[in-house]
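What you see is a predicted model; the values in this text were computed from it and never measured.
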Amino acid sequence: MLFSSYVFILVFLPITLVGYFLLSRTAGRSQALAWLLSASLVYYGWWNFSNVWILLFSTLFNYLLGVYLSSGSSGRPRRAVLAMGVAVNLGLLAYFKYINFFLESLNVLLGTDWDFPPLALPLAISFFTFQQIAYLVDSYRGLTSEYRFLHYALFVTFFPQLIAGPIVHHKEILPQFERRSAGRLRAQNLAVGLSMFVVGLFKKVVIAENIALYSNPVFDAAQAGGLPTL
């Protein structure tokens, strides 16, 4: 689901905003944040819902490690847990990014013709992997607070930055989820957000897509070997 698509602009975004502010006003802060988390998971799973389980595993795994690392205990066990956490995160990333390359190389080296089904790379795996590695390191250093799982999960999956980035720091996002004032509908905030969205939409639809009409044939020709690549 692209930010410039009709289904996002006319369906997903309005429903998400209305539900968030309505729940903030009538049900409570936790319910409103749970609504945002649910919407973010729907957004992420729009392309391939099976990838949602990878995102959820990564989120729960890193949250539990972060809780342990920030518990105040000291010594080698914490360092070992941090090293294990970083290794698991990087291993998961390497598996999805390079397993196809590894298997193809194995065929070449062994002279075999094994047919391996291609493994699709989960969306945004680099973003949420490095984002959570930074969280683990800060937890080890004692720089994190006792965040609730709901807040942490939303920090990882929040749809405006999950797919396109940028990688954000927990100190920039998580405190905002804890503010009750964030659930109040304010005309100024809505105007600023809408203005930023319209400017970005203009850059994408009017500028980038028109330039793509000329640049894509060049890139395609280069990929096919028709042009020299540097």
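Within 6.0 Å of atom CH2 in Trp47, more than 12 heavy atoms from other residues, nucleotides or ligands are found, so the atom counts as buried in its surroundings. By the 6.0 Å contact criterion, CZ on Phe197 is enclosed, its count of non-hydrogen atoms from other residues, nucleotides or ligands being greater than 12.
Two rings, from Tyr43 and Phe3, have their centers less than 6.0 Å apart. Taking the six-membered ring for Trp and the full ring otherwise, Phe61 and Phe57 have centroids separated by under 6.0 Å. Aromatic pair Phe177/Phe155: ring centres not closer than 6.0 Å. Aromatic ring centres of Tyr44 and Phe49 lie farther apart than the 6.0 Å criterion allows.
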Determine, step by step, whether Phe8 and Phe12 satisfy the ring pair (Phe, Tyr, Trp, His ring centres under 6.0 Å) criterion, reporting the C-alpha distance in whole Å, the side-chain angles of both residues, the deciding distance to 0.1 Å, and the verdict.
-> CA-CA 5 Å; Phe8 178 84; Phe12 179 83; 5.7 Å; yes
Derivation of the side-chain contact (heavy atoms from CB on, under 4.5 Å) call for Leu201 and Val206 = CA-CA 8 Å; Leu201 189 64; Val206 177; over 6 Å; no
Criterion side-chain contact (heavy atoms from CB on, under 4.5 Å) on Gln132 and Ser58, from CA distance to verdict = CA-CA 9 Å; Gln132 294 187 98; Ser58 176; 2.7 Å; yes
Evaluate side-chain contact (heavy atoms from CB on, under 4.5 Å) for Leu92 paired with Thr129, printing each intermediate quantity in order.
-> CA-CA 9 Å; Leu92 189 67; Thr129 296; 5.6 Å; no
Where do Ile133 and Asn62 land on the side-chain contact (heavy atoms from CB on, under 4.5 Å) test, with the steps shown first?
-> CA-CA 8 Å; Ile133 288 176; Asn62 284 287; 5.8 Å; no
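Heavy atoms only, all atoms of each residue included: Phe159 and Ser40 are closest at N-OG, 3.2 Å. Shortest non-hydrogen contact noted between Gly45 and Val52 is CA-CG2, 3.6 Å. Scanning all heavy atoms of the two residues, the minimum distance from Leu185 to Leu190 falls at CD1-CD2, 4.4 Å. Of all heavy-atom pairs spanning Ile54 and Pro122, the tightest one is CD1-CG, 3.8 Å. The shortest non-hydrogen separation linking Pro217 to Ala212 is CD-O, 3.9 Å.
In this structure the side chain of Leu56 never reaches within 4.5 angstrom of the side chain of Thr157, judged on heavy atoms. Between Leu162 and Val156, every side-chain heavy-atom pair lies at or beyond the 4.5 Å cut-off. At a threshold of 4.5 Å between non-hydrogen side-chain atoms, the residues Met84 and Leu65 count as touching. Residues Leu36 and Thr16 form a side-chain contact, since some pair of their non-hydrogen atoms from C-beta on lies under 4.5 Å apart.
Hydrophobic cluster membership differs between Leu143 and Tyr68, with clusters built from Ile, Leu, Val, Met, Phe, Trp and Tyr side chains linked at under 4.5 angstrom. Hydrophobic clustering (side-chain heavy atoms under 4.5 Å, transitive across Ile, Leu, Val, Met, Phe, Trp, Tyr) keeps Val42 apart from Leu2. Note: the hydrophobic cluster containing Tyr20 does not contain Leu22 (ILVMFWY, side chain heavy atoms under 4.5 Å, direct or indirect links). Connection of Ile211 to Val205 is not established within any shared hydrophobic cluster, with ILVMFWY side chains joined at heavy-atom distances below 4.5 Å, either directly or through further cluster members. Phe158 and Val18 fall into different hydrophobic clusters, where Ile, Leu, Val, Met, Phe, Trp and Tyr residues are linked whenever their side-chain heavy atoms come under 4.5 Å apart, directly or through other members.
Going from atom CG of Leu174 over to atom CG of Leu154 covers 8.5 Å, rounded to the nearest 0.5 Å. Expressed to the nearest 0.5 Å, how far CG of Leu37 lies from OG of Ser30 amounts to 12.0 Å. Here the straight-line distance linking atom CG of Asn210 with atom NZ of Lys204 works out to 10.5 Å at 0.5 Å rounding. To the nearest 0.5 angstrom, Phe202 atom CZ is 14.0 Å from Ser4 atom OG. For the atom pair CG of Asp138 and NE2 of His169, the computed distance is 4.0 Å after rounding to the nearest 0.5 Å. Here the OG1 atom belonging to Thr59 is positioned 6.5 Å from the CZ atom belonging to Phe149, to the nearest 0.5 angstrom.
Looking only at distances, a side-chain donor or acceptor of Arg78 sits under 3.5 Å from a matching main-chain atom of Tyr140. Without hydrogens or angle criteria, Ser70 side chain to Ser139 main chain gives no donor-acceptor distance under 3.5 Å. No donor-acceptor pair under 3.5 Å is formed between the side chain of Gln31 and the backbone N or O of Leu23.
Listed by first then second residue, pairs satisfying ring pair (Phe, Tyr, Trp, His ring centres under 6.0 Å) with a partner in residues 117-136 read Tyr135-Tyr152, Tyr135-His170, not counting sequence neighbours.
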